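Convention: sequence-line order gives letters A, B, ...; per-chain numbering from 1. Keep in mind it's a predicted model, so treat the numbers as computed, not measured.
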4 protein chains.
Amino acid sequence: MKATKRRNILAAAEKLFERFGPAKTGVDEIAAAAGVAKGTLYNYFGSKEGIVRELITDKIGLFEKALKAGLDDISDPLEKLKSAAVERFRFLHRSPYIAAIILHREGDATSRELASSFESRQRGIVARIMDEARRRGAIRRSDSAGITDGIIYLLKGLELSLKDRLDSARIEDIEAEITRLITLFFSGAGKAAGKRNL
Amino acid sequence: MKATKRRNILAAAEKLFERFGPAKTGVDEIAAAAGVAKGTLYNYFGSKEGIVRELITDKIGLFEKALKAGLDDISDPLEKLKSAAVERFRFLHRSPYIAAIILHREGDATSRELASSFESRQRGIVARIMDEARRRGAIRRSDSAGITDGIIYLLKGLELSLKDRLDSARIEDIEAEITRLITLFFSGAGKAAGKRNL
Amino acid sequence: MKATKRRNILAAAEKLFERFGPAKTGVDEIAAAAGVAKGTLYNYFGSKEGIVRELITDKIGLFEKALKAGLDDISDPLEKLKSAAVERFRFLHRSPYIAAIILHREGDATSRELASSFESRQRGIVARIMDEARRRGAIRRSDSAGITDGIIYLLKGLELSLKDRLDSARIEDIEAEITRLITLFFSGAGKAAGKRNL
Amino acid sequence: MKATKRRNILAAAEKLFERFGPAKTGVDEIAAAAGVAKGTLYNYFGSKEGIVRELITDKIGLFEKALKAGLDDISDPLEKLKSAAVERFRFLHRSPYIAAIILHREGDATSRELASSFESRQRGIVARIMDEARRRGAIRRSDSAGITDGIIYLLKGLELSLKDRLDSARIEDIEAEITRLITLFFSGAGKAAGKRNL
DNA sequence: CATGAATGAGCGTTCATTCAT
DNA sequence: CATGAATGAACGCTCATTCAT
């Protein structure tokens, strides 16, 4: 099993997935694009889903590594959060088929597990940032778990709406909106609300 | 064309859709489950997509009617918002295949249009509540559009994560989380953030 | 069984057949156009083919009556032949779906029988004209049966090519061509041929 | 893709087409008769239409090659014409489903194109023979295009009537009739006609 | 290991006919 | 007689997977 061939197949698959999505990409197309026989795909990956799985694992791995490295250079928690959110957005925007699996839970059981563990690690990253914020006294209340969830939901919802948004807005605008919403979430939208209800 | 049979078919289709989703449910299965011939489905609905469309239209119609009725009984904007969010959650939780279409934009062009118009009406409802909140002085800043978007994203993200959450949490807990997050979004999570960035 | 209803159905079917042909016309469409229920068609005609059959029988009957009347006014055999040929062409051109059955032997066994008997009567008409021509001394040889067949084949071949011809030629041109070919067939194309081979 | 299997499939298809015609022959039937899976047909031919196309193309190719070779051995134009006509008849008689497409313009666009180009080449062959006849002084008038058309129509009409004729006549009789009619067409049937009308 | 020909269950749709009302 | 809802076999085609070479 030459590692080169493996990489060729994955590269070919990725290109096609990005354009058409895994569902609309046939195994024949991947094989043709990679310059190997269809059977070879099965020797290496066992199934079409296997290709998807491996591709996602790889890309997620790279993204998470880069994300962590990027966060190390930032000290302010809110800035860390904004940066992480924008990077996450960029990653999912770059690989829409991964976004589809992460957000929509498409694919087989293993893919969904992958997505699930990705989200759990993402939550961990946000949670750690929140902890730091609390230690620094930047967060006034103890409900950091709720805030963490809120951040994650906010991002997911925003990422979900990407296709719609991209029709009318530029990427920079969307990134600006992400930081704005996170800031808004931190600062609160209402005056009296907090006093009345919490 | 008896209305009873129409309902039987829709009921059978709904049951299957809820378990497998429209994509994985064959026309033969619907026909078998409804106890009619395949051709009968086409006499009533014209196409598989026609069944999906009618089912979604019906359910959305009922939900929106109930939602509006429920909101009329509430005067406080934040309470209105919480109620709307919980009702919306319940609706999508009850009909996961509608959630799939609404959230994921799955299905054909018609389904996506249905989803798109649903979301636009949903946004309208939230926006109207925000307007009222602003008129009452409950919202301190003028960016009510941004807040509206934030609310929608929050809900979508939360609804997206339903399947995962339902493994570990009870529905009541999730509903409580929804109201908590909306309140949090109103009151703000951080102390210094607002001052520093806005 | 009101005769009016019968006629309505046939009229509706004819209109549709002329535009789309029997194969592309559905029983539903005929019923709708005739303003009756689908089942009624079956009460009257037994099957879709039954409608086709009856329609053809009617039209052929009318055509043959008119044809014979027209021929009575002509005395010269060659002129009779030309007239018959042109009338036949006009008839089949006016009712392309009948042409399809007459020429292509489409449809069920009964329709094919209808077509077969039509052709046999047509041959009879031409044969009678040829007999008269021989009695008048207008035909030099005794092979009048062969000539009759030749005429029929010539017409059929020409009618077959109608669709193609109609793209490039006007109807008047085609009618002129018919008389020209019949004349040609009578007068002979070659000089030496006849002497050498017969 | 083994050529043997390709031939097997074509042979199976041909047998069925000859009995029922391409329209009434299902893909499943061809697959069953060929002893292969349905998918295999699509691997080899892409579509049902592809099978029809290939079959027709092959047969027409073989026929035209043989036809040309046969004509090279004959020098007299009238004899050439007779031979071509008889060969053409034999070909269409051997492959009735091809006759159906050639004569009736049945089938999809591609089949009709095939038929159209076949007829155009056939007309070319006849036209070339007529040219030669004129050069040799065997044809008395200049309307060789009209004569060519007449020949083609004659043949088509005759071939159309094959099914009927075969009930009552032997093939040899029909072939004799073809040569008789062509000779007749050359020599002319009437005495006075030519003088009166041309 | 590599190949790619072979597989076949599954898909949504059509429409002439039937038959209970 | 009239109705039209119900029928279901038949259609051409797809594509992830298998397996003999």
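Nucleic acid contact for G39(A): base, since at least one base atom lies under 4.0 Å from a heavy atom of the residue.
For D108(C) and S111(C), the side-chain atoms include at least one donor-acceptor pair closer than 3.5 Å. Remark: the E18(D) side chain and the S95(D) side chain contain no N/O donor-acceptor pair separated by less than 3.5 Å.
Among dT13(E), dT7(F), dG12(F), the nucleotide with an atom closest to any side-chain atom of A37(B) is dT7(F). In this structure, of dC13(F), dT13(E), dA16(F), it is dA16(F) that holds the atom nearest to the side chain of D28(A). Here the nucleotide nearest the side chain of K48(D), chosen from dG12(F), dA2(F), dT7(E), is dG12(F). The side chain of K38(A) has dT17(F) as its nearest neighbour among dT17(F), dC13(F), dA6(F).
The distance between atom OH of Y44(B) and atom C1' of dT7(F), rounded to the nearest whole Å, is 12 Å. One can place CG of L41(C) at 11 Å from C1' of dA16(E), the figure rounded to the nearest angstrom. We find that NZ of K24(D) is positioned 11 Å from P of dG12(F), with the value rounded to whole Å. Distance, L16(B) CG to dG12(E) P: 12 Å, rounded to whole Å. Per the geometry, CD belonging to E49(A) stands 11 Å off P belonging to dA16(F), to the nearest Å. Nucleotide dA5(E) holds its P atom 16 Å from the CG atom of N8(D), rounded to whole Å. For Y42(C) and dT7(F), the OH to C1' distance is 13 Å, given to the nearest whole Å. In this entry the distance linking CE of M1(B) with P of dA6(F) reads 8 Å, nearest Å.
With a 3.5 Å ceiling on both atom-pair distances, the Watson-Crick or G-U wobble partner of dA6(F) is dT17(E).
Remark: T40(B) is not in phosphate contact with dA5(F), judged by side-chain N or O atoms under 4.0 Å from OP1 or OP2.
Each of V27(A) and K5(B) was assigned the nucleotide of DNA chain F with the nearest heavy atom; the assignment lying further toward the 5' end belongs to K5(B). Nearer the 5' end of DNA chain F, as judged by each residue's closest nucleotide, is the contact made by E29(D), out of A23(A) and E29(D). The residue among T25(C) and V36(D) whose nearest nucleotide of DNA chain E is located toward the 5' end is V36(D).
With hydrogens and angles ignored, the 3.5 Å screen pairs a side-chain donor or acceptor of K48(A) with a backbone N or O of T25(A). For Y44(B) (side chain) and I51(B) (main-chain N/O), no donor-acceptor pair under 3.5 Å exists by modelled atom type.
Scanning atom types as modelled, no donor and acceptor separated by under 3.5 angstrom connect the side chain of N43(D) and the base of dA5(E).
The heavy-atom pair separating Y42(D) from S47(D) by the smallest distance is CE2-CA, 3.7 Å.
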